[in-house]
Amino acid sequence: MRGALIKCQVFLSSQRIQMIGHIHELVTHAIESLQNKGVFELDHTVEFNIERSKDSKHGDYASNVAMVLAKPLKMNPREIAQIICDELAETHHLSKTEVAGPGFINFFLTDACRVQVVRKILTLQDEFGDNATGEGQRISVEFVSANPTGPLHVGHGRGAAFGSSLSNILRKSGYQVDSEYYVNDHGRQMDILATSVWLRYLELCGEQVTFPANGYKGEYIYDIARKARNKWGDDYRHTAVEVFAQVCADEGQLGGDKEKHIDDLIVNSKEILGEGYEKIFKIALKFILNGIKDDLEAFNVHYDKWFSEKSLHDSDGIDRALARLDEGGHLYKKEGALWFNATHFGDEKDRVVMRENGLKTYFASDIAYLMNKFERGFDQSIYVFGADHHGYIARLKAAAKALGFDADKITILLVQFAHLFKEGEKIQMSTRSGQFVTLAELIEEVGCDAARFFYVMRSHDQHLDFDLDLAKSQTNDNPVYYIQYAHARICSIFRNLESEGLSHNEEIGHVAIESLSEAHEQAIIRLLSQYPEVVQKAAQNFAVNTVANYLRELAQVFHSFYNAHQVLQIDNENLRNARLNLCKAVRIVVASGLSLLGTSAPEEMRSDEKKND
RNA sequence: GCGCUUGUAGCUCAGCAGGAUAGAGCAGCCGCCUCCUAAGCGGCAGGUCGCAGGUUCAAAUCCUGCCAAGCGCACCA
């Protein structure tokens, strides 16, 4: 049979891809030619790879083609590799090929070809690394979406850092990204919040109130209450006796039930306050939401859209979603509640969408929100959830299928918890008691840069130990500063350029670029050329941490170079300009990578001034 | 009990669309500032990739079982 083969994993993206495609073509032609000559006899298709060599000793690219062909051809892989090498057409991109190891073919680029990347980076600037992976695709990334019942705490920080960085990376890979925060501004928790605020307000008015076990006890509730009192004075004051009339006993009391207790209080609050309840509710929501927005801004996290759950209730969003499920015959009544037969679509149990008391569950809103996302036409919707929400995967996918949508368009990424460590001790947190480390406190403590970097430097599905002391330290142990320092050093070189009476001529540098033949320089060039692939791979695998790892590596080779070679203090003008070009390219890529992670790229590092914070 | 996730160096972790001798950082030991910021660089030492099978020319990587850890299994949000 003719035309055996040939599939190659093509990593698209400008120059690299072209090179891999080019080499792939050369190999394919060689094999076809050998078939025609009757040297190779193949009767079925084979797949082989052209991939970047991990070790520079193995050239720039390598192929496993000979090993894959060994079996069908019943020949020794090294022998096959040699035959293919001899058959390869001439090309000015490659300086040599060699057979190595068990039968790899290694391809070596010419020096001229390899150093091209420096010019490319200086030309493209911060557009270097852009790739077309997501061209023409719209993608929704939802993250954090914490209930607006209190300030964000450190548990939300990782989702924020990850989701924000992921959005940046996807954008750089050509996706049209909508980042969203789903605001749960409706439902029981919000009523508990409003009621908690009102009770604190009554306290401020001088009423004797026993605060419910299930209420929100944080100090911020007082802040909101104070705000309400400043605004409305005693307008909403009622006696404690009135408020607690016919309320079930609280936890700890005889026959007490904290859930029933708070629910009764909510009912009373609504009745007693009437329209006033809505006002308290709104002032609380606004206060907290503004706080959340401020915290996220300070964390360099920005959203395209704040999606209100309430809007789904106010519009016909939820009703339409439920109607659609009903039309498909996926809803049924049982014991007064309305159920979605999620088990039919792979979930482990059916789910309630409307409770016996007539209230729609959060899951009903989730379904409506899901439908809304599909209706907006996203090619893909990413949910970033905390790992404790993994039960949601099956039910969301079940809902998507039941609604008639393609469940594969939903991707749920679970972010594992981060454990904070201080002085070697794990910090315990408990939201119940209102004692937790807020995100704002964390930023205050270690700074935005360190916090964001630490959160994403490990794979998102990996538990993370967050060492506060390390994040705060301004030493070489701290990876953030290590990378930023590389950037600052380069900026420093360019600052010193003028004071040394020198100047930078990029053109001279470009012409002399091949004089960068030192091992350190070659290592930097090699790494620089990988940046587009790193970004692309990070986008494809939703692996933000690979960017962090890459930056550390790049910083490392740069620091080595810096230590081994002078840039300014050399007489050879050509070499000096070539090295300046190289430094500038590193600076551009480091700055680009750091910005993807939402971390700044400072032009200088000054420990003395740092202490003034 | 069922489900999801994770077991790699003393510690924290990379690597996991299978590939050529398993990598970093910290901690330990030994070196480098008349030179662009030593927040840096170089070197030494450190691992039966949880255990056992299987697939493959090739397994830390894929499959199965077991062991261990974390999380989840509400008419809660």
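Side chains are part of it too, since the values below use all heavy atoms of this structure and drop only hydrogens, waters and symmetry mates. Below, chain A is the first sequence line, B the second, and so on; all start at residue 1.
When the side-chain nitrogen and oxygen atoms of Tyr482(A) are compared with OP1 and OP2 of rC41(B), one or more of them lie within a distance under 4.0 Å. At the phosphate of rU37(B), OP1 or OP2 sits under 4.0 Å from a side-chain N or O atom of Asn496(A). Between Ser53(A) and the phosphate of rA20(B), there is no side-chain N or O to OP1/OP2 separation shorter than 4.0 Å. Listed pair Gln462(A) / rG70(B) fails the phosphate criterion, with no side-chain N or O lying under 4.0 Å from OP1 or OP2. Look at Arg489(A) and you'll find a side-chain N or O under 4.0 angstrom from OP1 or OP2 of rA38(B). Neither OP1 nor OP2 of rG15(B) sits under 4.0 Å from any side-chain N or O of Lys54(A). Phosphate contact (OP1/OP2 of rA74(B), side-chain N/O of Lys349(A), threshold under 4.0 Å): present.
Across every strand in view, rA24(B) sits in a pair with rU12(B) that passes the Watson-Crick or G-U test at under 3.5 angstrom. The base-pairing partner of rA60(B), taking Watson-Crick or G-U wobble contacts with both distances under 3.5 Å, does not exist among the strands shown. Nucleotide rG1(B): paired with rC73(B) (Watson-Crick or G-U wobble, both distances less than 3.5 Å). Across all strands shown, rC67(B) is found opposite rG7(B) as a Watson-Crick or G-U wobble partner, with both distances under 3.5 Å. Under the Watson-Crick or G-U wobble criterion, with both distances below 3.5 Å, rU48(B) is left unpaired in every strand shown.
You'll find the ring centres of Phe421(A) and Phe466(A) outside the 6.0 Å limit. Taking the six-membered ring where the residue is Trp, the centroids of His559(A) and Tyr485(A) are separated by under 6.0 Å.
You won't find any donor-acceptor pair under 3.5 Å spanning the side chain of Asp388(A) and the base of rG72(B), going by distance alone. Within 3.5 Å, a donor on the side chain of Glu335(A) pairs with an acceptor on the base of rC75(B), or the reverse. A donor N or O paired with an acceptor N or O is not found under 3.5 Å between the base of rC41(B) and the side-chain atoms of His559(A). On a pure distance criterion of 3.5 Å, no polar donor-acceptor pair joins the side chain of His389(A) and the base of rG72(B). Donor-acceptor pairing under 3.5 Å, judged by distance alone, is present between the side chain of Asn106(A) and the base of rA20(B).
Relative to the side chain of Ser560(A), the nucleotides rC36(B), rC41(B), rA17(B) differ in distance, and rC41(B) lies closest. Closest approach to the Phe104(A) side chain among rC75(B), rU5(B), rG19(B) is made by rG19(B) (side chain taken as heavy atoms from C-beta onward). Taking the side chain of Asp465(A) as heavy atoms from C-beta on, and the options rC36(B), rC41(B), rU12(B), the nearest nucleotide is rU12(B). Nearest nucleotide to the Ala100(A) side chain, out of rA20(B), rG19(B), rC36(B): rA20(B). The nucleotide whose nearest atom lies closest to any side-chain atom of Ala337(A) is, among rG19(B), rC71(B), rC75(B), rC75(B).
Under the 3.5 Å distance criterion, with hydrogens and angles disregarded, no donor-acceptor pair is assigned to the side chains of Asp449(A) and Tyr481(A).
If you find the closest nucleotide of RNA chain B to His463(A) and to Gln566(A), the one lying nearer the 5' end belongs to His463(A).
Within a 6.0 Å radius of CD in Gln522(A), more than 12 heavy atoms belonging to other residues, nucleotides or ligands are found.
Classification of rC67(B) as anti follows from a glycosidic angle more than 90° from 0.
Using a cutoff of 4.0 Å between basic side-chain nitrogens and carboxylate oxygens, Arg576(A) and Asp571(A) are not scored as salt-bridged.
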